[in-house]
Amino acid sequence: MHDRGLAPRDFQVARQEVLSSWPTGAAVDIEEAMRYQRAMPVGRRFAESLAAARGRLLVQPRAGVALIEEHIRLLKYLETEGEADLLPTTIDAYTRQNRYAEAARGIEKSVNAGTSMLNGFPAVNHGVEGCRRVTESVSRPVQVRHGTPDARLLAEITLAGGFTSFEGGGISYNIPYTKNVPLRKSIADWKYVDRLCGLYEENGISINREPFGPLTGTLVPPCVSIAVGILEGLLALEQGVHSLTLGYGQGGNMAQDIAAMHALRELADGYFRQAGHDGFDLTVVFHQWMGGFPEDESRAFSIICLGAAVACLGGADKVIVKTPHEAMGIPTREANAQGLKATRQLINMLSDQEKLDTETVRQEKGIIGREVDCILKKTFELGRGDPAEGAAAAFEAGVIDVPFAPSIHNRGRILPMRDDEGAIRIFNRGSLPFDEDLAAFHGERLAVRARTEGRAVSFQMVTDDIYAISKGRLVGRPK
Ligand code: 8ZB
């Protein structure tokens with residue numbers, strides 16, 4: 001197998017630079033951090049909790065506020081009142097952009113205001129000791145959730161701070177989140193993050209890694225999300241990551257969503273083994289609807305519960321929950337717990353039932369498999385077998401194309417829309433390397449909808465679809 005692991009010497013040089021780039025970096029002593037992690041109770045370890053749950057669907061919220069004590073109270077509430085299995089720490093937007101001086105002002109303002117003036121927890125500013133106070137205060141594993149293209153310092157500080165899982169990837173935390181960051185730069189910076197996790201791993205400390213599956217959360221075809229997840233998975237495994245969770249965001253059509261979850265697990269497993277990896281621990285996470293929500297809380301619960309059902313029927317290991325406040329912004333802790341409880345009720349009721357496996361689900365899974373194979377075959381050709389070079393070249397060529405992404409390094413030429421049953425299909429495939437049969441399949445499905453609605457397939461359908469769910473429907477039908 002080709003060894004693409006970051007060279008030890010390059011990694012050491014980069015670490016010095018990263019740790020000296022902001023004062024709190026100096027407190028990271030990796031030997032001491034490993035001793036600290038090794039002494040943590042197994043109940044607060046993410047990878048071990050995922051592995052121990054096999055078959056039982058775990059529930060996790062998103063949450064993060066500016067101040068340590070306030071953040072601890074929030075997590076404790078979600079753990080006790082919300083009965084969350086796994087806890088998050090959502091990082092604020094300044095920290096995600098490495099703007100630590102502004103994060104510091106946000107902390108100051110929050111102290112003065114007596115409430116959070118940041119949209120998440122500024123972990124870099126709070127430093128190793130601040131992070132340890134958080135992770136030590138709860139009895140569940142805590143994951144870092146963010147959206148950071150260069151997360152090297154954030155990873156150093158949070159892993160030394162007792163976090164045991166780290167979300168993101170060089171593609172999924174660049175393309176949907178930034179405008180100008182070159183893909184080759186973010187992929188290189190994430191090799192550092194994965195190598196850091198790999199280093200902990202080699203020292204007997206498992207750190208779970210979770211690429212961000214939903215991407216823009218806006219009519220993303222399953223094949224695009226899955227292809228990116230597999231590439232980021234390969235990049236993580238190459239650096240020595242062992243516990244890997246790949247994600248998928250709810251699209252809305254149940255058969256397609258269930259099929260996508262099964263396809264994600266099976267395809268990823270196949271590609272990883274084909275690349276010579278084994279002994280990895282792969283789990284899958286389902287994200288409840290990442291698109292626009294209605295303001296009406298009862299209607300929001302309906303979307304949350306459909307997501308909970310599909311997560312269960314699709315065999316997810318974990319579900320990330322939304323809240324009835326989604327349309328309004330950051331939820332109160334009470335609303336957050338409500339989302340958790342609604343999800344839990346549904347999961348409990350479905351867990352006693354047999355999994356659904358219909359002909360339609362099998363068909364959808366077959367289609368997704370062929371699509372992903374087309375995309376990845378071309379990607380590996382372009383990269384001569386290297387997933388990093390392949391990913392960069394594939395985005396340049398539009399072989400991978402994420403709809404509605406802000407990045408200039410994404411072609412943005414594909415046009416996805418819903419078919420007559422609400423499944424996400426592709427109207428204009430841009431440069432996605434589909435064969436003729438696949439292209440024809442998408443066209444046929446969209447023609448059925450056009451007939452039903454008595455209008456031609458057009459960009460108007462895309463716009464209608466984007467707002468449909470928040471207006472109470474799945475498919476954006478004409479009035
Ligand atoms: C890409 C993820 C977006 C989702 C939620 C948003 C949205 C962001 C926080 C948060 C609770 C926070 N989100 N920041 N939820 N606390 N600090 O992530 O509402 O659903």
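The environment of CD in Glu421 is sparse: at most 12 heavy-atom neighbours from other residues, nucleotides or ligands sit within 6.0 Å. Around the CD atom of Glu359, the shell of radius 6.0 Å holds more than 12 heavy atoms that belong to other residues, nucleotides or ligands. Within a 6.0 Å radius of CZ in Arg473, no more than 12 heavy atoms belonging to other residues, nucleotides or ligands are found. Residue Lys377 qualifies as open at atom NZ: its count of foreign heavy atoms under 6.0 Å is 12 or below. Summarising the local packing, CD of Glu334 is surrounded by more than 12 heavy atoms from other residues, nucleotides or ligands at distances under 6.0 Å. In the displayed structure, Met328 atom CE is contacted under 6.0 Å by more than 12 heavy atoms of other residues, nucleotides or ligands.
A donor and an acceptor atom, one from each side chain of Tyr173 and Glu167, are located under 3.5 Å apart. A side-chain donor-acceptor contact under 3.5 Å links Thr95 and Asp92. Between the side chains of Glu295 and His325, no donor-acceptor pair of N or O atoms lies under 3.5 Å. Looking at Gln239 and Arg4, their side chains never bring a donor and an acceptor atom within 3.5 Å of each other. Side-chain contact of Ser407 with Thr178: a donor-acceptor pair under 3.5 Å is absent, judged by distance alone.
Side-chain contact between Val59 and Ile347 is present, with heavy atoms from C-beta onward closer than 4.5 Å. At a threshold of 4.5 Å between non-hydrogen side-chain atoms, the residues Leu438 and Arg370 count as touching. With a 4.5 Å cut-off on side-chain heavy atoms, Ile207 and Phe163 do not count as touching. Residues Phe272 and Ile230 form a side-chain contact, since some pair of their non-hydrogen atoms from C-beta on lies under 4.5 Å apart. Residues Asp257 and Met254 are not in side-chain contact: their nearest non-hydrogen atoms beyond the backbone lie 4.5 Å or more apart. Residues Leu432 and Val399 form no side-chain contact, since every pair of their non-hydrogen atoms from C-beta on lies 4.5 Å or further apart. For the pair Leu183 and Ile175, the minimum side-chain heavy-atom distance is below 4.5 Å. Residues Phe293 and Ile303 meet the side-chain proximity criterion, which asks for heavy atoms closer than 4.5 Å.
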Stepwise side chain to side chain donor-acceptor pair (under 3.5 Å) test for Gln338 and Thr323: CA-CA 7 Å; Gln338 286 179 320; Thr323 80; over 6 Å; no
For side chain to side chain donor-acceptor pair (under 3.5 Å), just list the numbers for Glu210 and Thr245, CA-CA rounded to whole Å, side-chain angles, deciding distance to a tenth of an Å, and then say yes or no. CA-CA 5 Å; Glu210 181 186 332; Thr245 305; 5.2 Å; no
Salt bridge (Lys or Arg N to Asp or Glu O under 4.0 Å) between Lys341 and Glu81, intermediate numbers included: CA-CA 9 Å; Lys341 286 195 237 182; Glu81 191 59 27; 3.2 Å; yes
For Thr148 and Tyr177, what are the C-alpha separation, side-chain angles and deciding distance, and is it a side-chain contact (heavy atoms from CB on, under 4.5 Å)? CA-CA 8 Å; Thr148 311; Tyr177 283 96; over 6 Å; no
What do the steps show when you test Asp281 against Arg54 for salt bridge (Lys or Arg N to Asp or Glu O under 4.0 Å), and what is the final call? CA-CA 11 Å; Asp281 194 354; Arg54 286 280 175 222; 2.3 Å; yes
Please evaluate residues Arg209 and Asp194 with respect to the criterion salt bridge (Lys or Arg N to Asp or Glu O under 4.0 Å), reporting the C-alpha separation (whole Å), side-chain torsions for both, the decisive distance (0.1 Å), and the verdict. CA-CA 8 Å; Arg209 280 278 293 111; Asp194 282 327; 2.5 Å; yes
Evaluate the criterion side chain to side chain donor-acceptor pair (under 3.5 Å) for residue pair Asp85 and Ser49; output intermediate values, then yes/no. CA-CA 9 Å; Asp85 296 300; Ser49 300; over 6 Å; no
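Remark: Tyr271 engages no residue in a ring-ring contact (aromatic ring centres under 6.0 Å, His included) (not counting sequence neighbours). Residues that satisfy the ring-ring contact (aromatic ring centres under 6.0 Å, His included) test with Phe121, not counting sequence neighbours, are His71, His126. Tyr94 is linked by a ring-ring contact (aromatic ring centres under 6.0 Å, His included) to nothing, counting only residues two or more places apart in sequence or in another chain.
Nearest heavy atom pair, residue Asp401 against residue Gly412, reads OD1-N, 2.7 Å. When every heavy atom of Glu232 is checked against every heavy atom of Ile171, the shortest pair comes out as OE2-N, 2.7 Å. Looking at every heavy atom in both residues, Lys191 comes nearest to Leu235 through CE-CD2, 4.4 Å. Across every non-hydrogen atom of Gly430 and Ile414, the tightest pair is N-CG2, 4.1 Å. Shown here for Ser225 and Gly247, the closest heavy-atom pair between the two residues is OG-O, 3.8 Å. Of all non-hydrogen atoms in Pro416 and Phe404, the two that sit nearest each other are CG-CE1, 4.0 Å.
A cation-pi arrangement, defined by a distance under 6.0 Å to the six-membered ring centre and an angle within 45 degrees of its axis, is absent between Arg429 and Phe434.
Within the 3.5 Å criterion, the main-chain N or O of Leu159 finds a donor-acceptor partner in the side chain of Gln37. Arg418 places no side-chain N or O within donor-acceptor distance of the main-chain N or O of Val475, the cut-off being under 3.5 Å. Distance alone, capped at 3.5 Å, is enough to place a donor-acceptor pair between the Arg299 side chain and the Ser470 backbone. Formation of a donor-acceptor pair under 3.5 Å by the Thr89 side chain with backbone atoms of Val144 is not found in this model. Remark: side-chain polar atoms of His287 are not paired, donor with acceptor, to backbone N or O of Gly213 under 3.5 angstrom. Although no hydrogens or angles enter the test, the distance criterion places a donor-acceptor pair under 3.5 Å between the side chain of Ser186 and the main chain of Gly170. Between the Ser137 side chain and the Thr135 main chain, no donor and acceptor come within less than 3.5 Å of each other. Within the 3.5 Å criterion, the main-chain N or O of Pro149 finds a donor-acceptor partner in the side chain of Trp190. Not a single donor-acceptor pair under 3.5 Å links the side chain of Arg140 to the backbone N or O of Leu86. For the pair Tyr248 (side chain) and Leu264 (backbone), a donor-acceptor distance under 3.5 Å is absent.
Glu364 and Arg425 are joined by a salt bridge, as a carboxylate oxygen and a charged side-chain nitrogen come within less than 4.0 angstrom of each other. The pair Glu381-Lys378 counts as a salt bridge, with a side-chain nitrogen and a carboxylate oxygen less than 4.0 angstrom apart. A salt bridge links Asp317 with Arg265: the distance from a Lys NZ or Arg NE/NH1/NH2 to an Asp or Glu carboxylate oxygen falls below 4.0 Å. Between Arg195 and Glu202, at least one side-chain N (NZ, or NE/NH1/NH2) sits under 4.0 Å from a carboxylate O, which counts as a salt bridge. Glu396 and Arg411 are not joined by a salt bridge, as no carboxylate oxygen comes within less than 4.0 angstrom of a charged side-chain nitrogen.
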